[in-house]
Protein chains: 2
Amino acid sequence: MSRTATENGAALGQVLELTVLLGADMSQALVREGLTESRAHLLWELGQRGPSTQQSLARALGVTPRNVTGLVDGLVQTGFVERRPHPSDRRATLVTFTERGERIAEEFQRGRAQVAELLFGDLPDELFSPFVEALGRVLDRLRTALAEAAEGGR
Amino acid sequence: MSRTATENGAALGQVLELTVLLGADMSQALVREGLTESRAHLLWELGQRGPSTQQSLARALGVTPRNVTGLVDGLVQTGFVERRPHPSDRRATLVTFTERGERIAEEFQRGRAQVAELLFGDLPDELFSPFVEALGRVLDRLRTALAEAAEGGR
DNA sequence: TATTGTTATACTCTATAACTATA
DNA sequence: TATAGTTATAGAGTATAACAATA
């Protein structure tokens with residue numbers, strides 16, 4: 001083996017710590033804005049897609065339509081989104097940003113860019129390039145393994 | 001600037017995808033074992049510390065003692081842990097693994113090692129070394145920023 | 001007095017199943 | 001008959017506050 005299992009394990013430990021810290025940072029910011037992770041995730045998807053039916057949000061988030069009802073209820077109460085009638089389908093509602101919601105969604109994007117600069121801004125290219133290359137390969141391995149597990153589990 | 005914000009943003013995107021996929025993989029495995037993330041986290045800490053009071057678990061997990069009561073209730077019902085009297089303090093209970101719990105905790109460790117091999121086993125040293133170096137620096141930046149944010153927020 | 005764990009209460013996220021209005 | 005969203009019900013995780021037993 002070119003490397004010990006201990007070295008690979010330590011690298012995974014670093015990756016896991018990174019996920020924990022990024023999660024903590026995000027969570028901090030959300031609490032400040034009066035949001036939960038689930039609600040923020042919905043706002044993020046809404047920002048990516050524009051006004052959306054609850055069904056499409058449910059599919060995007062990978063949760064049940066009933067769950068989306070609850071999340072939208074919360075976001076309506078706290079003033080981030082509105083329910084509007086769908087122009088051509090009277091069964092459906094279009095979830096749309098309020099001004100406040102729009103502002104927050106833009107802040108998300110800015111915040112994400114700031115985090116990217118914080119993490120990588122000072123990293124010299126000699127490290128950044130192989131980092132991205134290695135990360136790409138690691139992701140490929142993981143995607144493949146998960147897809148195979150999903151195949152086998154069916 | 002040596003790199004564009006777009007490149008840094010893309011790198012962050014990769015990192016975030018990695019966190020999502022690792023979370024999905026872990027979650028898959030936990031559901032198979034009849035565990036939730038919170039309960040698995042408690043088992044993990046218990047494995048690191050050995051038999052523990054609920055207070056110490058609460059501190060380790062960063063949740064309230066009341067919350068630990070619920071998690072331990074669930075783990076007792078599903079046969080992963082037992083409550084035993086504390087030998088010297090009759091107020092406290094010692095949460096200890098059952099045989100089944102012990103077995104699962106060992107499987108966690110093996111599973112984690114397998115994931116490490118899956119992710120990094122095929123990565124050539126020329127990529128692995130700078131990857132770890134870069135990751136270390138990124139973690140330092142993030143730890144520092146979070147510590148400062150915690151300072152300021154007090 | 002302080003600490004350990006629990007009861008009481010409440011909020012959020014999540015799911016399934018049944019129901020209403022509309023397509 | 002099928003789809004969009006909601007009501008009903010339930011379980012899990014989380015929190016605060018009040019309380020019992022013990023230190």
Side-chain angles (χ1 to χ4, degrees), chain A residues 20 23-24 26-28 30-46 49 51-96, chain B residues 20 23-24 26-28 30-46 49 51-96:
Chain A
V20 168
M26 212 172 309
S27 185
Q28 258 184 11
L30 292 178
V31 168
R32 268 198 302 275
E33 304 292 348
L35 282 167
T36 64
E37 290 189 24
S38 299
R39 291 177 189 179
H41 192 180
L42 191 153
L43 290 186
W44 178 264
E45 289 295 335
L46 197 58
R49 293 152 181 275
S52 307
T53 64
Q54 296 186 184
Q55 285 287 341
S56 68
L57 289 171
R59 281 189 294 270
L61 298 173
V63 300
T64 60
R66 177 60 184 90
N67 197 345
V68 172
T69 298
L71 295 175
V72 172
D73 284 350
L75 288 165
V76 166
Q77 276 193 329
T78 46
F80 292 99
V81 304
E82 285 176 347
R83 284 187 173 98
R84 301 211 177 148
H86 191 287
S88 63
D89 186 341
R90 284 195 298 171
R91 295 170 306 179
T93 66
L94 277 184
V95 181
T96 58
Chain B
V20 169
M26 213 172 309
S27 185
Q28 259 183 12
L30 291 179
V31 168
R32 268 199 303 275
E33 304 292 348
L35 282 167
T36 64
E37 291 190 24
S38 299
R39 291 177 188 179
H41 192 179
L42 191 152
L43 291 186
W44 177 265
E45 288 295 337
L46 197 58
R49 295 154 179 274
S52 307
T53 65
Q54 296 186 185
Q55 285 287 341
S56 68
L57 289 171
R59 281 190 295 270
L61 298 173
V63 300
T64 60
R66 177 61 184 90
N67 195 346
V68 171
T69 298
L71 296 175
V72 172
D73 284 350
L75 288 165
V76 166
Q77 275 192 328
T78 47
F80 292 100
V81 305
E82 284 176 348
R83 284 188 172 98
R84 300 211 179 149
H86 190 287
S88 62
D89 185 339
R90 283 194 299 170
R91 294 171 307 179
T93 66
L94 277 183
V95 181
T96 57

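All chains are named by letter (A, B, ...) in the order of the sequence lines, taking the proteins before the strands, and each is independently numbered beginning at 1. When reading the values below, keep in mind they use all heavy atoms of this one structure, side chains included, and skip hydrogens, waters and symmetry mates. The structure presented is a predicted model; accordingly, all values stated were derived computationally and were not measured.
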Fill in the blank from the handout: Contact check, residues 56-65 of chain B vs DNA chain D, heavy-atom distance under 4.0 Å, returns B:V63, B:T64
Calculate the interatomic distance between [X] atom [atom1] and [N] atom [atom2]; express it in whole Å.
{"X": "B:E37", "N": "D:dT14", "atom1": "CD", "atom2": "C1'", "answer": "15 Å"}
{"X": "A:L35", "N": "C:dC11", "atom1": "CG", "atom2": "P", "answer": "18 Å"}
{"X": "A:Q54", "N": "D:dA4", "atom1": "CD", "atom2": "P", "answer": "11 Å"}
{"X": "B:L42", "N": "D:dG13", "atom1": "CG", "atom2": "P", "answer": "10 Å"}
{"X": "A:L94", "N": "D:dA4", "atom1": "CG", "atom2": "C1'", "answer": "12 Å"}
{"X": "B:L30", "N": "D:dG13", "atom1": "CG", "atom2": "C1'", "answer": "15 Å"}
{"X": "B:L71", "N": "C:dT6", "atom1": "CG", "atom2": "C1'", "answer": "14 Å"}

Practice task
Any side-chain hydrogen bond (donor to acceptor under 3.5 Å, both in side chains) involving residues 34-46 of chain B? Give me the pairs, sequence neighbours left out, ordered by first then second residue.
Solution key: B:E45-B:R49
[X] [atom1] to [Y] [atom2] distance, which is reported to the nearest 0.5 Å:
{"X": "A:L71", "Y": "A:L57", "atom1": "CG", "atom2": "CG", "result": "9.5 Å"}
{"X": "B:L61", "Y": "B:L42", "atom1": "CG", "atom2": "CG", "result": "5.0 Å"}
{"X": "B:Q55", "Y": "B:T64", "atom1": "CD", "atom2": "OG1", "result": "10.0 Å"}

Practice task
Let me see the working for A:V95 and A:V76 under side chain to side chain contact (heavy atoms under 4.5 Å, CB included), right down to the final yes or no.
Solution key: CA-CA 9 Å; A:V95 181; A:V76 166; over 6 Å; no
Exercise for the section: Do nucleotides 17-23 of chain C as a string where each nucleotide becomes B, S or -: B if the base has a protein heavy atom under 4.0 Å, S if just the sugar-phosphate does, - if no protein is that close. Expected result: ----BBS
Exercise for the section: In sequence, state the C-alpha distance, the side-chain angles, and the governing distance for B:L35 and B:F80, and then conclude on side chain to side chain contact (heavy atoms under 4.5 Å, CB included). Expected result: CA-CA 10 Å; B:L35 282 167; B:F80 292 100; 3.7 Å; yes
Exercise for the section: Can you run down the salt bridge (Lys or Arg N to Asp or Glu O under 4.0 Å) pairs that involve residues 67-83 of chain B, sequence neighbours left out, and say none if there aren't any? Expected result: B:D73-B:R83, B:E82-B:R84
Practice task
Keeping to residues at least two apart or across chains, list the salt bridge (Lys or Arg N to Asp or Glu O under 4.0 Å) pairs with something in residues 86-95 of chain B.
Solution key: B:D89-B:R91
Completion exercise
Which of C:dG5, C:dC13, D:dG5 is nearest the side chain of A:N67? It is C:dC13
Completion exercise
Of C:dG5, C:dT12, D:dT6, the nucleotide closest to the side chain of A:R39 is C:dT12
Exercise for the section: Start with the C-alpha distance between A:T53 and A:L94, add both sets of side-chain angles, then the distance that settles side chain to side chain contact (heavy atoms under 4.5 Å, CB included), and finish with yes or no. Expected result: CA-CA 5 Å; A:T53 64; A:L94 277 184; 4.1 Å; yes
Exercise for the section: Please determine if a side-chain N or O atom of A:T53 lies less than 4.0 Å away from the OP1 or OP2 oxygen of D:dA4. Expected result: no
Practice task
Ignoring backbone atoms, test whether A:T69 places a side-chain nitrogen or oxygen under 4.0 Å from the OP1 or OP2 oxygen of D:dT6.
Solution key: yes
Handout entry: Within residues 72-87 of chain B: residues closer than 4.0 Å to DNA chain C (heavy atoms)
Key = B:R83
Practice task
With heavy atoms under 4.0 Å as the rule, sort B:S38 into base, sugar-phosphate or nothing.
Solution key: sugar-phosphate
Exercise for the section: Give B:T36 one of three labels, base, sugar-phosphate or nothing, depending on what nucleic acid heavy atoms sit under 4.0 Å from its own. Expected result: sugar-phosphate
Practice task
Taking all non-hydrogen atoms of both residues into account, name the closest pair between A:L30 and A:A40 and its distance.
Solution key: CD2-CB, 3.5 Å
Exercise for the section: Using atom types as modelled and distance alone, determine if a side-chain donor or acceptor of A:T78 lies under 3.5 Å from a backbone N or O of A:G74. Expected result: yes
